[in-house]
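Taking it in order: structure first as structure tokens, then the write-up.
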Amino acid sequence: MDSRTKGIGRQTLVIASATFMLIAATIGAGAFGGGSVDDLQDGALSAQGSYLAPAGPAFSIWSLIYLGLIVYTVWQALPAQRQDPRQRAVGGWIAVSMVLNGLWLVTARYLTLWLTVVVIALLLVVLARVIVVLGRFPARTVADRILTDGANGLHFGWVTIATVANTAAWLTQIAPESWADAADAWAIAVLVVVLVIGAAAAWATGRIAPALATAWGLAWLAVGRLTGEPESTPTAIAAIIVAVLLVVTGVVAVLRRTRAVHNSSESSR
């Protein structure tokens, strides 16, 4: 199979995966009947499902993520991207992430809570791989930077906090009642892990999109713990601190990368 055919095959795979994601998301969200996502799994996935669940408005970020992925899908299908080395390296991984994205909502609606944890954990791993690959193949155009790095960076950043919330919801359902006494400590410990993951992603890629998406979720997590149930001021304060640190790290990482690119171009003259 020649490289041109492989390029068309990759572009078609991304289009098919995006189509599946949108259809699965539409079905999973209850567009053809059934309750909303908040009502699925006996309410475990709602804003009140755990100490680490963001408040409802946080989930509006999905509209931006889906829009970004749709525009990316159209853009990567253009002939100019057919043989692009960056798209050849990352396109298959992005396609897998879209499939897992759609599968999560279907799993949440029709299967069990622990399976949603498995699916979203796999999605996080695949998106982490996408971020790593993008770091190895720097974007050469503004469109590539916005659509490939931006859309997938937001996807990764949001899924980072969504994985935490999903896992916490499952553990809340199965954990013994005695665990509730240490809920604040566990929540803060997990938020520290989120900080490490988010900061590492920002520093490795020089992109701020993942940090912004995670910080968005953390900000609404804080709102949820301050104004809703379960209430937890320590968790809210930790979430705010982590969100601020992530944004600061993201800004510094972008400035560092910009300076490195500038120095490189200066030295090549």
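In this text the structure is predicted, and so the values were computed from the model without any measurement.
From Thr172, atom OG1 reaches atom CH2 of Trp186 across 12.5 Å, with rounding to the nearest 0.5 Å. We find the OG1-CH2 distance between Thr116 and Trp170 to be 9.5 Å, quoted to the nearest 0.5 Å. Atom CH2 of Trp62 sits about 13.5 Å away from atom CG of Leu67, to the nearest 0.5 Å. How far CG of Leu221 is from CG of Leu191: 6.5 Å, rounded to the nearest 0.5 Å.
Panel note: side chain Arg82, backbone Lys6; no donor-acceptor pair is recorded below 3.5 Å. Between the Thr167 side chain and the Val164 main chain, no donor and acceptor come within less than 3.5 Å of each other. At least one donor-acceptor pair closer than 3.5 Å links the side chain of Gln76 to the backbone N or O of Thr73. Under a 3.5 Å cut-off, the side chain of Trp216 and the backbone N or O of Ala58 do form a donor-acceptor pair.
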Legend entry - Test log, rule side chain to side chain contact (heavy atoms under 4.5 Å, CB included), inputs Thr205 and Val132: CA-CA 8 Å; Thr205 64; Val132 169; over 6 Å; no
Inset, instruction - Show your reasoning for whether side chain to side chain contact (heavy atoms under 4.5 Å, CB included) applies to Leu147 and Asn152. - result: CA-CA 8 Å; Leu147 298 178; Asn152 291 284; over 6 Å; no
Legend entry - Derivation of the side chain to side chain contact (heavy atoms under 4.5 Å, CB included) call for Ile8 and Thr12: CA-CA 6 Å; Ile8 294 175; Thr12 303; 4.0 Å; yes
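Closest approach of Ala165 to Leu52, counting heavy atoms only: CB-O, 3.3 Å. What you find for Arg86 and Leu134 is that their closest heavy atoms are NH2-O, 3.3 Å. A pairwise comparison of heavy atoms in Ala24 and Leu105 identifies O-CB, 4.3 Å as the closest pair. Nearest heavy atom pair, residue Gly217 against residue Pro54, reads O-CB, 3.7 Å. Here the closest non-hydrogen pair linking Asp184 and Tyr51 is OD1-CE2, 3.6 Å. The two residues Ala236 and Leu226 have their closest heavy-atom pair at CB-CG, 3.5 Å.
At least one side-chain heavy atom of Met98 sits less than 4.5 Å from a side-chain heavy atom of Tyr72. Between Ile70 and Leu22, the closest side-chain pair of non-hydrogen atoms falls below 4.5 Å. Residues Ile237 and Thr233 meet the side-chain proximity criterion, which asks for heavy atoms closer than 4.5 Å. Under the 4.5 Å side-chain criterion, counting only non-hydrogen atoms from C-beta, Leu45 is in contact with Leu113.
Taken together through direct or relayed side-chain contacts under 4.5 Å among Ile, Leu, Val, Met, Phe, Trp and Tyr, Ile94 and Ile15 form parts of separate hydrophobic clusters. In terms of hydrophobic clustering, with Ile, Leu, Val, Met, Phe, Trp and Tyr side chains grouped at heavy-atom distances under 4.5 Å, Leu123 and Trp114 are assigned to a common cluster. Hydrophobic clustering keeps Met21 apart from Val74 (ILVMFWY residues linked when any side-chain heavy atoms are closer than 4.5 Å, directly or through intermediates). A continuous path of hydrophobic side-chain contacts links Trp104 to Trp93 [ILVMFWY only; heavy atoms under 4.5 Å]. In terms of hydrophobic clustering, with Ile, Leu, Val, Met, Phe, Trp and Tyr side chains grouped at heavy-atom distances under 4.5 Å, Val125 and Leu103 are assigned to different clusters.
Note on residues 117-143: pairs passing salt bridge (Lys or Arg N to Asp or Glu O under 4.0 Å), not counting sequence neighbours, are Asp84-Arg140. Applying the salt bridge (Lys or Arg N to Asp or Glu O under 4.0 Å) test to every pair with at least one member in residues 201-211, sequence neighbours left out, gives these pairs: Asp149-Arg207. For the salt bridge (Lys or Arg N to Asp or Glu O under 4.0 Å) condition, no pair includes a residue of residues 238-255, sequence neighbours left out.
Under 3.5 Å, the side chains of Asp144 and Trp75 contain no donor-acceptor pair of N or O atoms. For the residue pair Thr148/Gln87, the side-chain donor-acceptor check at 3.5 Å is satisfied.
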Compile the donor-acceptor pairs under 3.5 Å between side chains in residues 154-163 and protein atoms, sequence neighbours left out, one pair per line.
from   : atom 1 : to     : atom 2 : distance (Å)
His155 : NE2    : Asn101 : ND2    : 3.0
Thr160 : OG1    : Phe156 : O      : 2.8
Thr163 : OG1    : Val159 : O      : 2.7

Return a table of donor-acceptor pairs under 3.5 angstrom between the side chains of residues 239-255 and protein atoms on other chains or two or more places apart.
from   : atom 1 : to     : atom 2 : distance (Å)
Thr249 : OG1    : Leu245 : O      : 2.7

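Applying the salt bridge (charged side-chain N to carboxylate O under 4.0 Å, His left out) criterion to Arg145, with sequence neighbours excluded, gives no partner residue.
For the pairing with Ser17, the side-chain contact (heavy atoms from CB on, under 4.5 Å) check across Leu13, Thr19, Val14 returns one residue only, Leu13.
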